[in-house]
> 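Take this structure, written in structure tokens, and hold onto it; I'll ask about it next.
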There are 2 protein chains.
Amino acid sequence: MRQNIDERTGSPTRQPSFVESHVQNLRVAAHVTVLHEGDPARRIMEVVEGAVMLTKLLPDGRRQVVELLGPGDVFGLAHDEAYACSAETLTPATITTHERNALERDPALAARLLRRFEAQLCVMHSHALVLGRMSALERVAFFLLRLMPDGMVGGTLRLAMTRQEIADFLGLTLETVSRAFSELKRRGLVVLQRADEVRIQDRSSMRRLAGAA
Amino acid sequence: MRQNIDERTGSPTRQPSFVESHVQNLRVAAHVTVLHEGDPARRIMEVVEGAVMLTKLLPDGRRQVVELLGPGDVFGLAHDEAYACSAETLTPATITTHERNALERDPALAARLLRRFEAQLCVMHSHALVLGRMSALERVAFFLLRLMPDGMVGGTLRLAMTRQEIADFLGLTLETVSRAFSELKRRGLVVLQRADEVRIQDRSSMRRLAGAA
DNA sequence: CGTGTATTTGAAGTATGTCAAATATCGTGG
DNA sequence: CCACGATATTTGACATACTTCAAATACACG
């Protein structure tokens with residue numbers, strides 16, 4: 001069952017030792033909404049471990065997963081004092097949170113966030129290219145390569161996302177994502193042990209499809 | 001005619017006084033490519049005046065305009081030591097450039113960039129929602145509202161972009177963009193004196209279309 | 001082992017893309 | 001200042017990739 005989390009207390013997870021500090025660590029289960037688009041932006045957060053997705057909604061309920069985050073990535077960004085996105089864990093996760101004004105007081109934190117923002121901005125630029133100009137098959141190929149760094153060649157990737165979540169990330173429907181997986185299987189580019197266990201079989205063809213990744 | 005610019009000398013524009021400094025100001029004409037995706041990322045840049053677009057290309061030539069920049073915005077970001085995007089002026093522009101290592105030496109610069117990166121990251125999140133989940137008509141409405149801040153109500157907006165550039169920004173074709181403009185005219189939401197002069201007639205309907213902007 | 005959820009697959013509809021032609025606009029030189 | 005050629009925009013007709021709706025299968029959990 002999906003659940004929310006109270007930002008101040010961190011319930012229902014175990015609490016770290018120094019509750020009233022401006023640094024706070026959270027241990028969160030999978031499928032927990034850590035913060036909500038539109039809420040007053042009190043804190044800025046870093047993923048220490050696990051995976052988090054940022055989502056935005058349109059008034060009629062259409063959803064976009066705007067960013068996928070892993071260890072080191074930063075979220076809880078504000079536009080007009082309010083969180084610009086909701087954040088939900090995909091896996092159990094450890095998260096560090098800081099008061100927003102800690103940015104002025106802590107130069108090491110500021111420097112780290114600066115580097116990370118640059119990296120995340122570059123990823124968003126790539127994602128704009130994916131969303132604006134790639135076909136469904138290309139998008140799914142790009143998505144799988146992005147989740148499967150060059151290091152883990154031959155390994156099997158465990159997807160922590162449903163077809164619906166992948167679709168919302170890639171700007172498609174869940175049916176189109178499913179068909180794209182089937183097409184990649186048919187062409188021999190990937191093998192699926194189960195719906196959420198992918199192995200990339202032909203990396204160079206995947207690369208070509210994804211237009212360099 | 002579109003032209004390139006040599007990053008080091010700033011030709012063919014007038015040169016500022018302190019050429020070998022790590023800060024350098026450039027005056028650039030419209031339609032000049034200030035830097036190229038893939039080139040070694042030596043400098044980081046701020047728009048002082050004018051408008052700049054960042055673009056990415058796929059191997060087969062498909063293009064995405066990933067970001068539109070105005071005064072204060074930062075570009076020249078690096079992924080693996082190389083520029084992640086090309087940057088081209090839309091209007092005559094003034095640009096300040098810094099050596100990349102100035103980030104460590106100049107805390108004021110770092111603090112400014114941090115704030116700006118946060119803002120630009122939020123804009124990219126919105127843009128992902130636009131590209132992933134909005135219809136053509138909604139995208140164009142969103143685009144026009146974004147260019148027409150609430151302040152200048154009733155004013156006429158001079159578009160500095162062709163239909164092709166708008167299409168590449170919104171993930172559409174130029175024909176679809178043109179049809180969307182025509183549809184907005186037909187519905188009485190906008191008035192076009194000329195193809196590149198837009199006045200928003202019915203702001204609330206535009207807002208509704210764009211799903212709050 | 002059964003029940004509910006996620007995924008796959010099929011058939012049909014639609015928004016947007018593609019190709020093509022007409023019209024409008026801009027810049028240039030006579 | 002006007003006329004011309006070049007470029008940008010609009011509009012139309014048709015094609016198609018993706019969506020929508022629906023049903024069958026696979027999978028996970030109690």
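FYI, side chains are in, hydrogens and waters are out, and symmetry mates aren't considered; it's all heavy atoms of this structure. In this text, all values refer to a predicted model and were calculated from it rather than measured experimentally. Order of the sequence lines sets the chain letters (A, B, ...), proteins ahead of strands, with each chain counted from 1.
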> Separation of B:R179 atom CZ from C:dA22 atom P, in whole Å?
16 Å
> Measure CD/A:E183 against P/C:dT7 and give the value in whole Å, please.
19 Å
> Nearest whole Å is fine: how far is D:dT10 C1' from B:L192 CG?
12 Å
> For B:F117, is the NZ or CZ atom of A:R116 found under 6.0 angstrom from the centre of its six-membered ring and inside 45 degrees of the ring axis?
no
> Which nucleotide sits closest to the side chain of B:T173: C:dG10, D:dT10, C:dT18?
C:dT18
> Using whole Å, what does the distance between atom P of nucleotide D:dA8 and atom CZ of B:F181 come to?
16 Å
> What is the distance from NE2 of B:H31 to C1' of D:dA8, rounded to the nearest Å?
12 Å
> Examine C:dT9: is either OP1 or OP2 under 4.0 Å from a nitrogen or oxygen in the side chain of A:S178? Give yes or no.
no
> Could you tell me how far apart A:L172 (CG) and D:dA17 (C1') are, to the nearest whole angstrom?
11 Å
> Counting the atoms with a prime plus P, OP1 and OP2 as sugar-phosphate, which does A:T176 contact under 4.0 Å by heavy atoms, base, sugar-phosphate, or nothing?
base
> Just checking, any donor-acceptor pair under 3.5 angstrom between side chains of A:R163 and A:S178?
no
> For the side chain to side chain contact (heavy atoms under 4.5 Å, CB included) test, which of B:M124, B:H79, B:E118 pairs with A:L121?
B:M124
> Between B:R139 and A:R163, which is nearer to the 5' end of DNA chain C once each is assigned its nearest nucleotide?
A:R163
> Consider only side-chain N and O atoms of A:H98 and A:E46, and report whether a donor and an acceptor are under 3.5 Å apart.
yes
> Rounding to an integer number of Å, can you tell me how far B:R133 CZ sits from C:dA15 P?
16 Å
> Give the rounded distance in Å between these two atoms: CG of B:L170 and P of C:dA15.
18 Å
> Between the side chains of A:E67 and B:H125, is a donor N or O closer than 3.5 angstrom to an acceptor N or O?
yes
> How about A:E81: does its CD atom have over 12 heavy atoms from other parts shown lying under 6.0 Å from it?
no
> Nearest heavy atom decides the nucleotide; on that basis, is A:A136 or A:E175 closer to the 5' end of DNA chain D?
A:A136
> Distances under 3.5 Å only, N/O to N/O: pair up the protein atoms with those of nucleotides 24-30 of chain D.
none

> Does the ring of B:F169 carry B:R63 above it, NZ/CZ under 6.0 angstrom from centre and within 45° of its axis?
no
